[in-house]
S.K.: 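My structure is below; once you've seen it, I'll send some questions.
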Amino acid sequence: MKYLDEFGDPDLAERLLDEIRRTVTQPWALMEVCGGQTHTIIRNGIDQLLPDEVTLIHGPGCPVCVTPLETIDRAMAIAARDDVIFCSFGDMVRVPGSSKDLFRVKSEGGDVRIVYSPLDAVRIAQDNPDKQVVFFGIGFETTAPANAMTVQMADRLGIKNFSLLVSHVLVPPAMTAIMESPTRRVQGFLAAGHVCTVMGMSQYEPLVQRYNVPIVVTGFEPLDVLEGIRRTLLQLEQGRAELENAYPRAVAPEGNPTAQSVVADVFDVCDRPWRGIGLIPQSGWRLSDKYAQFDAEQRFDVTGIQTEESGECRSGEVLQGLIKPNECEAFGTTCTPRSPLGAPMVSSEGACAAYYQFRRLQTPAGASAS
Amino acid sequence: MCLGVPGRVEQVWEADGTRMATVDFGGVRKEVCLAYVPDVTVGDYTIVHVGFALTKLDEASALETLELFRSVGLLEEEFGPVAGMEAAS
Ligand code: SF4
């Protein structure tokens, strides 16, 4: 298909790789923030084709993975109610909560439905006026415009039996947390292209300035990722730290202003705990007071749930780039996509799922034998 | 989940006061909301995420990027390393 085939062209990939090999003279560690890019990298073996000096650190950009355990437990409590139809993106239903997942709730009789778009959930609400329809509104800035406009539509159409369980997260505060971490290794970032399609580029300028770190807005096809890597490395080798756009066909510097204003109307910035990582200040969105009547947490009493995280899962370390998925003892043994211990093994953007799908049979390079 | 997928707009209509479209993703067709991309029309390529078009794919820029990839390294192959000859960003 147009713009997909072209951006996977092996000859051009080889050309970009050659150029990268010519550029690099010393070790560098880059982070690709977005889980979609992690999948492109692992599926195409990009990390293995790069010169040995270049380390790619996989970032926390998997919204399913960082959705707090508490929120997942709340989702299950709501989904189990007789009067509720619970709608979610597919990735979310296999994510382990404290004792089970949404799929299990469904098999126990809960009406859990996988939808492609939040608009589908509104339609289900219109078709089922005697039920409460709840949509699990998760995601980064890319997904927020869809969820925000859905709430505005429900409001405009007077749909009273629709609500949102919100756990939105924001990318720039997570990048700040990574740069502030005492274990920080990251020297340059590939920023998530579609987040910038919505929010524009200016949000990243303060990060570039404060941490003197190159940030290159990068797309998702193999050539896009290679170009993001090439430009970041070129900056590092030349001692520059700048904000660059390597994905101009989809990212305008100002982003999508209409989407930004709808999101600002429907959501307010809040502190948000990230699963496996901990609380990151001002890193989430919740429904604004104006739309509080669409907040599922207010509509259903789901406080006082006791949560318990799996002791075995090292997703926090994976999400912070401290270990590679195959360095987790449970990887591919007690943790598989069929019976996952942690969210990164189920999400289509999870690093553990990427390694399981494409790299299961390789032993981790540099992992200790303990 | 943040993955937006490019597709071609095939048909545009109004529903409840909102511009909607049928978008073709290499054979798979989906109903998509165009509220965020008022200037997108039939024949355009757009990046769609969970049922919402987020931007019009800029064809000229896509071709330019591909052209850039084709030219990467050519100068150096001919003349050896040239300082500061990074292609336009
Ligand atoms: S392999 Fe499984 S247990 Fe290990 S970090 Fe990944 S999700 Fe958690």
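Computed over heavy atoms, backbone and side chain alike; hydrogens, waters and symmetry mates excluded. All chains are named by letter (A, B, ...) in the order of the sequence lines, taking the proteins before the strands, and each is independently numbered beginning at 1. Quick caveat, the model's predicted, so the values are computed rather than measured.
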S.K.: Do you know which two heavy atoms are closest between A:Pro248 and B:Ser61, and how far apart they sit?
M.R.: C-OG, 3.3 Å
S.K.: Starting at OG1 of A:Thr197, measure out to NZ of B:Lys56 and round the result to the nearest 0.5 Å.
M.R.: 15.0 Å
S.K.: Should we say atom CD of B:Gln11 is surrounded by more than 12 heavy atoms from elsewhere, each under 6.0 Å from it?
M.R.: no
S.K.: If every non-hydrogen atom of B:Glu31 is compared with every non-hydrogen atom of A:Arg123, which pair is closest and at what distance?
M.R.: OE2-NH2, 3.4 Å
S.K.: Going from CG on B:Leu68 to CD on A:Glu227, what distance comes out if it is rounded to the nearest 0.5 angstrom?
M.R.: 5.0 Å
S.K.: For A:Leu223, which atoms come within 4.5 Å of any heavy atom of chain B: side chain, backbone, both, or neither?
M.R.: both
S.K.: What part of B:Ile47 gets closer than 4.5 Å to chain A, counting heavy atoms only: side chain, backbone, both or neither?
M.R.: side chain
S.K.: Can you see which heavy atom on B:Ala35 is nearest to which on A:Thr258, and at what distance?
M.R.: O-CG2, 4.5 Å
S.K.: Go through A:Phe7 and B:Thr65 one step at a time and tell me if the side chain to side chain contact (heavy atoms under 4.5 Å, CB included) criterion holds.
M.R.: CA-CA 10 Å; A:Phe7 285 90; B:Thr65 304; 4.0 Å; yes
S.K.: Taking B:Val50 as the fixed residue, which of A:Thr142, A:Thr150, A:Thr143 is the one that meets the side chain to side chain contact (heavy atoms under 4.5 Å, CB included) rule?
M.R.: A:Thr143
S.K.: For side chain to side chain contact (heavy atoms under 4.5 Å, CB included), just list the numbers for B:Leu54 and A:Val198, CA-CA rounded to whole Å, side-chain angles, deciding distance to a tenth of an Å, and then say yes or no.
M.R.: CA-CA 7 Å; B:Leu54 293 179; A:Val198 173; 3.9 Å; yes
S.K.: Working to the nearest 0.5 angstrom, can you tell me the gap between A:Glu6 CD and B:Leu66 CG?
M.R.: 6.0 Å
S.K.: Any sub-3.5 Å donor-acceptor pair from B:Tyr36's side-chain atoms to A:Asn256's backbone N or O?
M.R.: no
S.K.: Let me know if B:Lys30 has heavy atoms under 4.5 Å from chain A in its side chain, its backbone, both or neither.
M.R.: side chain
S.K.: What heavy-atom pair brings B:Cys33 and A:Leu119 nearest, and what distance separates the two atoms?
M.R.: CB-CD1, 4.0 Å
S.K.: List in chain and number order the residues that pass ring-ring contact (aromatic ring centres under 6.0 Å, His included) with B:Phe69, two or more places apart in sequence or in another chain; answer none if no residue qualifies.
M.R.: none
S.K.: For residues 152-159 of chain A, dump all side-chain donor-acceptor pairs below 3.5 Å to protein atoms at least two apart in sequence or in another chain.
M.R.:
residue  : atom : partner  : partner atom : Å
A:Gln152 : NE2  : A:Asp265 : OD2          : 2.8
A:Arg156 : NH2  : B:Thr18  : OG1          : 3.4

